[in-house]
K.L.:
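Submitted below is the structure of interest, expressed as structure tokens.
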Amino acid sequence: DNNVDAIILAPFNPICTQAQRIVLDMLKLKPDDVLFDLGCGDGRLLLEAACECSCRCVGIELNEIFVKRGREMNMYQSLVELRHGDVLQEL
């Protein structure tokens, strides 16, 4: 069961707003960049990157529950794609 494996691989630990700011400041993303987040959880870093930087973002998450939650929060559907999949396997 993928959901059980997801919990074993890494428990969900959402990134706080301050950490998002630090990451985005360090990355210095531009609108023509693409940000990939492997193990993105609900994609909150990607959503913030799309909002702040207008860059394209792709997240891959093993736990289908978090993918669904992230898709429900996604106001930037033209920029952010959240995929359900195992980054250790071919998508």
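Hydrogens, waters and symmetry mates are skipped; everything else that's a heavy atom, side chains included, is used.
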K.L.:
Measure from the side-chain N and O atoms of R44 to the backbone N and O of I15, and report whether any donor-acceptor pair falls under 3.5 Å.
P.N.:
no
K.L.:
Is N74 reaching over with its side chain to a backbone N or O of V80, donor-acceptor style, under 3.5 angstrom?
P.N.:
yes
K.L.:
Ignoring hydrogens, what is the shortest heavy-atom contact between E81 and R56? Give both atom names and the distance.
P.N.:
OE1-NH2, 3.2 Å
K.L.:
Please report the closest heavy-atom contact between C55 and A49, naming both atoms and the distance.
P.N.:
SG-O, 4.1 Å
K.L.:
Could you give the distance from CE (M73) to CG (D42), rounded to the nearest 0.5 Å?
P.N.:
3.5 Å
K.L.:
Would V67 and L62 show up in the same hydrophobic cluster when neighbours are defined by side-chain heavy atoms closer than 4.5 Å?
P.N.:
no
K.L.:
Decide whether Y76 and L29 are clustered together by the hydrophobic rule: side chain heavy atoms of Ile, Leu, Val, Met, Phe, Trp, Tyr closer than 4.5 Å, transitively.
P.N.:
yes
K.L.:
Check whether L45 and L38 end up in the same hydrophobic cluster, where Ile, Leu, Val, Met, Phe, Trp and Tyr are linked by side-chain heavy atoms less than 4.5 Å apart.
P.N.:
no
K.L.:
Going only through I, L, V, M, F, W and Y residues with side-chain contacts under 4.5 Å, is there a path from L82 to V34?
P.N.:
no
K.L.:
What heavy-atom pair brings N63 and H84 nearest, and what distance separates the two atoms?
P.N.:
C-CD2, 4.1 Å
K.L.:
State the CD-CG distance between E61 and L46, to the nearest 0.5 angstrom.
P.N.:
10.5 Å
K.L.:
Does any part of the side chain of M75, heavy atoms only, come nearer than 4.5 Å to the side chain of L47, both counted from C-beta?
P.N.:
no
K.L.:
Is there a chain of hydrophobic side chains (I, L, V, M, F, W, Y, each step under 4.5 Å between heavy atoms) that links L24 to L79?
P.N.:
yes
